[in-house]
Amino acid sequence: MKVMLGLSGGVDSAVAAYLLKKQGYEVICCFMRNWDSMANNDVLGNPTVNDNQCPQEKDYRDACLVADKLGLKMMRIDFIKEYWDYVFTYFLNEYKLGRTPNPDIFCNKYIKFGPFLDFAKKNGCDMIAMGHYAKRVDENGKTYLYKAHDKNKDQTYFLSQISSEQLKSCLFPLGDIDKTEVRRIAHELNLESVEDKKDSTGVCFIGERNFKEFLKNYIPAKKGKIMDIATNTVLGEHDGVMYYTLGQRKGLGIGGINGLPTHGWFVCKKDVKNNILYVASGSEDEHLFSDEAVINNINLFNDKL
RNA sequence: UGGGGUGUAGCCAAGAGGUAAGGCAACAGACUUUGACUCUGUCAUUCCGCUGGUUCGAGUCCAGCCACCCCAG
């Protein structure tokens, strides 16, 4: 069996590579690049835009060191355009609608299990593999997605939109072990470039930096009022209703107000049309609770449900 | 320029002669499937509108000045 593993330059996929090899698979590592700051005009608030080595290249080098140490072949592929068309476009549209999207779910559906899978097959691989904390279970000829053994690190959420067919083409070597075990193995193997590397979280391609500034590259700032939903009075000003998310507390800049209790203010409603951000006082305010939700695009690829 | 009130960190606000509470915001770190939430930490070292005075000692008492608010004109 020939498998192409997505090697990111982090500790998880590095250990996944080792485990696959140990299990007898012929492993080819591949570093994927989905974001090009220059091509995508990602300049505002980008702390590394002028650096001679961007963080992605550091990750690539770390990945190469891992592949080298494990004696595995290393490849590299760009999906800049695909990412923009299938993931980032959706991402921006959601923000423009006043929602808070999760691009990583689409990245899996449309990139890793799309062009990347195709790329693997073109290069003679039967399957792909990922360092996700997720479990694939085959039963009676069917393939199911199970939560990872490490419930704390489970990443099946990110895989929630892939199909049963796509799932059949992928292995998750970390499905049965804990993060602490992953770190332990990395140390045991002396994978110096990744063994103590900090976990990356959140939107993967952006890196450590001011998120609002990042969004300003694509969604222009537009100042508006922040209003108290209980009294309908103006409490402050925001930079654009799209930059905030429901339930958010930080970044509103509302201090103490004469005569009003001070328990912090939380975003409870976004009026995109009129560019008004509504806030409620304290985390227990009734406006922050809801007993209904609109859900669509449910992916019932697991017929055990 | 009659009367009353207020002036403490970016904001709100305790304090009441003995050596500046607390909250919000902000910032930093941890955690993280919402760069969100949450948690932890840091935030007025002679400073409490200004200037003098009383006192061993004043944000707290006194005097003058300044600023703002309210009522009356």
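In what follows, chains carry the letters A, B, and so on, assigned in the order in which the sequence lines appear, proteins first and then strands, with residues in each chain numbered from 1.
We find that CG of A:Leu288 is positioned 15 Å from C1' of B:U34, with the value rounded to whole Å. Rounded to whole Å, the distance from CG on A:Leu246 to P on B:U38 is 14 Å.
The nearest pair of heavy atoms linking A:Gln166 to A:Gln161 is OE1-O, 4.5 Å.
One finds a side-chain N or O of A:Asn152 lying less than 4.0 angstrom from the OP1 or OP2 phosphate oxygen of B:U32. At the phosphate of B:A36, neither OP1 nor OP2 sits under 4.0 Å from any side-chain N or O atom of A:Arg249.
Taking the six-membered ring where tryptophan is involved, the planes of A:Phe106 and A:Tyr90 are essentially parallel, since the angle between them stays under 30° and well short of 60°.
Ion pairing between a basic and an acidic side chain is recognised when a charged N comes within 4.0 Å of a carboxylate O; A:Asp138 and A:Arg136 show such pairing. A salt bridge links A:Asp239 with A:Lys223: the distance from a Lys NZ or Arg NE/NH1/NH2 to an Asp or Glu carboxylate oxygen falls below 4.0 Å.
Look at the P atom in both B:G2 and B:C61: the space between them is 24 Å, to the nearest Å.
Picking from B:C31, B:U34, B:A36 the nucleotide with the shortest atom distance to the side chain of A:Thr100 gives B:U34. Of the listed nucleotides (B:A30, B:A25, B:G35), B:G35 has the atom at the smallest distance from the side chain of A:Phe211. The side chain of A:Tyr95 sits closest to B:G35 out of B:A30, B:G35, B:C37. Of the candidate nucleotides B:U33, B:A30, B:A36, B:A30 has the atom lying nearest to any side-chain atom of A:Lys198. Here the side chain of A:Thr245 is nearest to one of B:U38, B:U34, B:G35, namely B:U34.
No contact: A:Ile105 has no heavy atom under 4.0 Å from any strand. When heavy atoms are screened at a 4.0 angstrom cut-off, A:Gln155 is found touching no nucleic acid atom at all.
Annotation: cation-pi pair A:Arg76/A:Tyr60 present, NZ/CZ under 6.0 Å from the ring centroid and within 45° of its normal.
Between A:Lys250 and A:Asp154, it is A:Asp154 whose nearest contact on RNA chain B lies nearer the 5' terminus. Nearest-nucleotide assignment on RNA chain B puts the 5′-proximal partner with A:Ile254, out of A:Ile254 and A:Phe266.
B:A28 is paired with B:U40 under the Watson-Crick or G-U wobble criterion, all donor-acceptor distances under 3.5 Å. Here B:C68 sits opposite B:G5 as a Watson-Crick or G-U wobble pair (both hydrogen-bonding atom distances under 3.5 Å).
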